[in-house]
Amino acid sequence: KYLLIGLVVTMAPCCVIDTLPSPYVLTSDEAMSSTCFIRSQKSSGTCFHIGNGRFLTNNHVVMDHYGKYPEFTVNGFKAKVISYNKNSDWALVICDNLKTLKAFRVHSKELELLEKVYSIGWHFGQVKSMSLGHVSNISNDGYVTTTALNGGCSGGPLLNQEFEVC
């Protein structure tokens, strides 16, 4: 501590490094871990963690043909829909058993033509994979990409190179 014109100043050590792990997805391995398999008796798809046990997916992944939300699981744990929008085709799901997964951040800027992107999904409900592609077209309805997508990939994230959801 130093006395400087009537003020007490405590000198802080320089070069303090924050060693706390980030709660957000920063690597491809973390992106794969925070992208999960969502399954009901009649359908399956992909969802991704946005924090505190909450996941985003497509509404058509969790809604049955009668417009109801049957029981389903995320990575084998019971989950339930807490909010949805049929017109925009999204659903917010909660699964208390998976709160410790890292959360995806959201990219606030528009993607650019030919920008590299990743998609992660459970292809045919069997194999989870990440594929690299690029934005090949941009329209008012969204992006067209060259990433591999198959049945079972619905609800999975489209990511920029910093692993942020686009």
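If you're wondering where the values come from, they're calculated on a predicted model, not measured in any experiment.
- N58 and D89 make their closest contact through ND2-O, 3.0 Å (heavy atoms, listed as atom of the first residue, atom of the second, distance).
- Under the 4.5 Å side-chain criterion, counting only non-hydrogen atoms from C-beta, R54 is in contact with L92.
- Within the structure, side-chain hydrogen bond (donor to acceptor under 3.5 Å, both in side chains) pairs that include any residue of residues 91-103 comprise E30-K102 (at least two apart or interchain).
- Judged as a side-chain hydrogen bond (donor to acceptor under 3.5 Å, both in side chains), and not counting sequence neighbours, the contacts of T146 are H134.
- Shown are L56, T57, V62; of these, the side chain to side chain contact (heavy atoms under 4.5 Å, CB included) with C47 is made only by T57.
- Here L149 contributes atom CG and S119 contributes atom OG; the two are 4.5 Å apart, rounded to the nearest 0.5 Å.
- Aromatic ring centres of F104 and Y24 lie farther apart than the 6.0 Å criterion allows.
- Here the side chain of Y143 pairs a donor or acceptor atom with the backbone of L111 at under 3.5 angstrom.
- Atom CG of residue L158 and atom SG of residue C153 lie 12.0 Å apart, to the nearest 0.5 angstrom.
- By the side-chain hydrogen bond (donor to acceptor under 3.5 Å, both in side chains) test, N59 is found to be paired with Y69, residues two or more places apart in sequence or in another chain being considered.
- Judged as a salt bridge (Lys or Arg N to Asp or Glu O under 4.0 Å), not a single pair has a partner in residues 115-128 (not counting sequence neighbours).
- Residues I38 and T73 form no side-chain contact, since every pair of their non-hydrogen atoms from C-beta on lies 4.5 Å or further apart.
- Here the side chains of S83 and W90 are in contact, with some heavy-atom distance below 4.5 Å.
- For residues 36-46, every residue pair satisfying the side-chain hydrogen bond (donor to acceptor under 3.5 Å, both in side chains) rule, not counting sequence neighbours, is listed here: S40-S43.
- Among residues two or more places apart in sequence or in another chain, the side-chain hydrogen bond (donor to acceptor under 3.5 Å, both in side chains) test is passed with S28 by none.
- Contact annotation: the side chain of F72 never approaches that of V61 to less than 4.5 Å [non-hydrogen atoms, C-beta and beyond].
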